[in-house]
Amino acid sequence: MAGQAHDLMLRLHGDPPTEDDLAGWMQKGSVVRLEVSEQGSHQTAHGMLVNFSGVVFAWLVPFRSGRGVSF
């Protein structure tokens, strides 16, 4: 992922961030640890550091089955 421009869909676990959280992280270029699993994967949740200074856009979409939201 480092140095590669591409979309990444993640399933977030735990309390989802708000749109204001996302906007603040992007404006500040924050590095945030999220509990995620990859979309379409049956992997267990794991921690991922996301550098929001490199995030161009993000949105939260409710996940249809199970817990969590897609990011």
Side-chain angles (χ1 to χ4, degrees):
M1 289 189 301
Q4 301 293 324
H6 66 295
D7 295 344
L8 181 62
M9 297 219 49
L10 300 172
R11 183 183 305 170
L12 294 176
H13 299 267
D15 295 329
T18 65
E19 289 181 10
D20 289 337
D21 291 334
L22 291 173
W25 296 340
M26 291 167 75
Q27 288 173 343
K28 295 175 187 170
S30 300
V31 175
V32 179
R33 184 180 191 277
L34 300 173
E35 269 311 294
V36 302
S37 58
E38 284 76 16
Q39 185 69 22
S41 169
H42 297 294
Q43 291 182 352
T44 57
H46 58 276
M48 177 179 281
L49 293 174
V50 179
N51 182 345
F52 279 86
S53 68
V55 174
V56 177
F57 64 90
W59 65 89
L60 296 173
V61 178
F63 186 68
R64 291 187 183 183
S65 64
R67 293 183 48 199
V69 294
S70 295
F71 166 70

Interatomic distance, CH2@Trp25 vs CG@Asn51, rounded to 0.5 Å, equals 12.5 Å
Please check if Leu12 and Val32 belong to a single hydrophobic cluster, counting links between Ile, Leu, Val, Met, Phe, Trp and Tyr side chain heavy atoms closer than 4.5 Å.
yes
To the nearest 0.5 angstrom, please state how far the NZ atom of Lys28 sits from the OG atom of Ser53.
14.0 Å
Assess, by modelled atom type and distance only, whether the side chains of Ser37 and His46 contain a donor and an acceptor separated by less than 3.5 Å.
no
Could you check whether any side-chain heavy atom of Met48 comes within less than 4.5 Å of a side-chain heavy atom of Leu10, counting everything from C-beta outward?
yes
Could you give the distance from CE (Met26) to CZ (Phe57), rounded to the nearest 0.5 Å?
9.0 Å
Just checking, is any N or O donor in the side chain of Thr18 or Asp20 under 3.5 Å from an acceptor N or O on the other one?
no
CA sep, side-chain torsions, deciding dist, call: Leu49, Leu34, side chain to side chain contact (heavy atoms under 4.5 Å, CB included)
CA-CA 6 Å; Leu49 293 174; Leu34 300 173; over 6 Å; no
For Leu60 and Pro17 the tightest heavy-atom approach is CD1-O, 2.8 Å
Check whether any side-chain heavy atom of Val50 sits under 4.5 Å from a side-chain heavy atom of Val55, and report yes or no.
yes
Rounded to the nearest 0.5 Å, what separates atom OG1 in Thr44 from atom NE2 in His13?
8.5 Å
